[in-house]
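First comes the structure, then the notes that go with it.
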Amino acid sequence: MEELVELAWLLDFYGALLTEKRRRIVEMRVNDDMTLAEIADACQMTRQGAYDAFAQARKQLKAYEETLGLAGRYRQIQAALAECRAALDRVEAAPGAQADLEAARRALARMEKMER
């Protein structure tokens, strides 16, 4: 199950780099929770053909992530943004610093919006 979740992440980042057929097969497997037999029927191919296409797509997606690291970077940025948000929420502004604290929160919100 965990691998399918990881593949869903990789599909979000790199799905456009796959062929249409491979992208659709991975989508059916990870998003629609279809078995390889169901995918084979839907794509009018053998179960072995569905397995091979899925395996190749999975290999490609992992290679893209290994080379580019976009999904991992995204998760690191999201974790750092959440940490910043939590730290800002714990801060009590000194007299006269409330405006600066609010400016920092707005800047963080803009960064969070850019990363989504």
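Residue numbers start at 1 and run along the sequence shown. Fair warning: this is a prediction, and the values are worked out from it, not measured in the lab.
Atom CD of E27 is separated from atom CD of E20 by 7.5 Å, given to the nearest 0.5 angstrom. Atom CG in D41 sits 10.5 Å away from atom OG1 in T46 (nearest 0.5 Å). Between C84 atom SG and I77 atom CD1 the span is 11.5 Å, to the nearest 0.5 Å. With values rounded to the nearest 0.5 angstrom, R106 atom CZ is found 13.0 Å from M111 atom CE.
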Could you go step by step and tell me if L68 and Y14 meet the side chain to side chain contact (heavy atoms under 4.5 Å, CB included) rule? CA-CA 10 Å; L68 301 171; Y14 307 112; 3.7 Å; yes
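The number of heavy-atom neighbours closer than 6.0 Å to CZ of F13, taken from other residues, nucleotides and ligands shown, is above 12.
Heavy atoms only, all atoms of each residue included: R105 and L88 are closest at NH2-O, 2.8 Å. Minimum heavy-atom separation, F54 to I25: CB-CG2, 4.0 Å. Residue A50 comes nearest to I39 through the heavy atom pair CB-CG2, 4.1 Å, listed as atom of the first residue, atom of the second, then distance. For M28 against A42, the heavy-atom pair with the smallest separation is SD-CB, 4.1 Å.
Remark: R22 pairs with L18, T19, Q56, A57, Q60 by the side chain to side chain contact (heavy atoms under 4.5 Å, CB included) rule, at least two apart or across chains. With sequence neighbours left out, R75 forms a salt bridge (Lys or Arg N to Asp or Glu O under 4.0 Å) with E6.
In this structure, the side chains of L10 and V26 stay at 4.5 Å or more apart for every pair of heavy atoms.
The salt bridge (Lys or Arg N to Asp or Glu O under 4.0 Å) pairs that include a residue from residues 50-68 are E3-R58, E3-K62, where partners are two or more places apart or lie in different chains.
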